[in-house]
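Input: a single structure, listed below in structure tokens.
Treat the numbers as computed from the prediction; the structure is a model and nothing was measured.
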Protein chains: 2
Amino acid sequence: MAYQESLSALADPTRRQIFEAIADAPRPVGELAQSMPVSRPAVSQHLKVLSDAGLVMCRVDGARRIYAVRPEGLAQLRMWLDRHWANVMDRFAEEINGKEGLDD
Amino acid sequence: MAYQESLSALADPTRRQIFEAIADAPRPVGELAQSMPVSRPAVSQHLKVLSDAGLVMCRVDGARRIYAVRPEGLAQLRMWLDRHWANVMDRFAEEINGKEGLDD
DNA sequence: GCTTACGGTAAGTCATGGCTTACCAAGAAT
DNA sequence: ATTCTTGGTAAGCCATGACTTACCGTAAGC
């Protein structure tokens with residue numbers, strides 16, 4: 001739900017791989033596990049973490065669960081990034097402009 | 001250097017706190033450590049991780065080292081995010097539009 | 001009904017990494 | 001030159017978490 005959990009969730013390489021596969025196209029768990037170097041339960045556990053972070057959601061299709069990226073989750077991350085991006089660019093501009101003290 | 005290291009680096013709460021403080025304004029190590037619930041060596045170690053990820057850089061000022069965010073590092077992350085953002089929005093649009101197969 | 005595919009959960013193992021204290025190098029100050 | 005500040009590094013401890021196998025529901029197929 002918060003960008004913090006999203007960052008933690010995306011920190012793990014396997015989980016990032018899963019996320020990117022899902023972002024490319026929604027997929028069922030089994031298909032994900034096949035294209036991954038870890039077991040299916042591991043994939044399930046990763047999906048739970050991604051889900052708790054609000055980054056993915058799943059649609060039930062019979063016995064299958066099709067996982068897809070949740071746009072709002074990504075949006076949270078984007079907002080966080082853009083917020084700091086703005087800050088950093090301000091500092092950067094100050095450096096270039098000689099950074100005269102306008103604190104007085 | 002890659003977005004992957006950036007994500008791993010920003011996953012840790014303390015490290016994220018350090019990063020955000022630096023994004024707000026460049027700071028020396030000591031000042032960061034004071035405003036943080038961990039020891040100064042811990043801060044140094046976190047700064048090394050952030051630095052290796054290309055997210056921060058430091059300017060030497062006498063005995064001080066002033067750390068600042070490296071815009072290019074943030075840019076890498078932004079590009080990664082935007083790339084997947086585009087994908088996800090495409091999928092989302094397909095869902096809404098009824099997802100007729102235009103694969104033919 | 002029974003069996004097979006699909007997938008989430010439990011329990012246990014083991015590596016990663018975040019933290020601490022102790023130590024050391026380099027610059028500033030007197 | 002000695003002392004104090006600043007901060008990076010080393011060694012060691014311990015919690016977190018990623019992975020495995022085993023198990024259990026549930027839906028589909030025969």
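Between A:Ser39 and D:dT21 there is no side-chain N or O to OP1 or OP2 distance below 4.0 Å. Remark: B:Ser44 is not in phosphate contact with D:dG7, judged by side-chain N or O atoms under 4.0 Å from OP1 or OP2. Side-chain N/O atoms of A:Tyr67 include none lying less than 4.0 angstrom from OP1 or OP2 on C:dC6.
Cluster membership for B:Tyr3 and A:Trp85, using ILVMFWY side-chain heavy atoms within less than 4.5 angstrom, is shared. Taken together through direct or relayed side-chain contacts under 4.5 Å among Ile, Leu, Val, Met, Phe, Trp and Tyr, A:Met36 and A:Val29 form part of one hydrophobic cluster.
Evaluation of the side chain to side chain donor-acceptor pair (under 3.5 Å) rule for A:Asp24 yields A:Arg27 as partners, not counting sequence neighbours.
When each of C:dG27, D:dG7, C:dG7 is scored by its nearest atom to the side-chain atoms of A:Arg65, the top-ranked nucleotide is C:dG7. Distances were taken from every side-chain heavy atom of B:Pro41 (C-beta onward) to each of D:dA18, D:dA27, C:dT21; the shortest belongs to C:dT21. Checking C:dG18, C:dA11, D:dA27 against the side-chain heavy atoms of A:Gln45 singles out C:dA11 as nearest. Of all nucleotides listed (C:dG7, D:dT20, C:dT20), D:dT20 comes nearest to the side chain of A:Val38.
Between the side chain of B:Glu31 and the base of D:dT6 there is no donor-acceptor pair of N/O atoms closer than 3.5 Å.
At the heavy-atom level, A:Pro28 lies under 4.0 Å from the strands shown only through sugar-phosphate atoms. Residue-level contact check: B:Arg40 touches the bases, meaning some heavy atom is under 4.0 Å from a base atom.
Atom P of nucleotide C:dG8 and atom CD1 of A:Ile18 are separated by 11 Å, given to the nearest angstrom. Rounded to whole Å, the distance from NZ on A:Lys48 to C1' on C:dA10 is 14 Å. Going from atom NE2 of B:His46 over to atom P of D:dG7 covers 16 Å, rounded to whole Å. B:Gln34 has its CD atom 12 Å from the C1' atom of D:dT5, to the nearest Å.
For the pair A:Trp80/B:Glu20, a side-chain contact is recorded, criterion being any heavy-atom separation below 4.5 Å from C-beta on.
Each of A:Ser8 and B:Arg64 has a nearest nucleotide on DNA chain D; the 5'-most of these lies closest to B:Arg64.
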**OP:** Could you go through the salt bridge (charged side-chain N to carboxylate O under 4.0 Å, His left out) check for B:Asp61 and B:Arg65 one step at a time?
**Re:** CA-CA 6 Å; B:Asp61 172 38; B:Arg65 275 160 177 74; over 6 Å; no
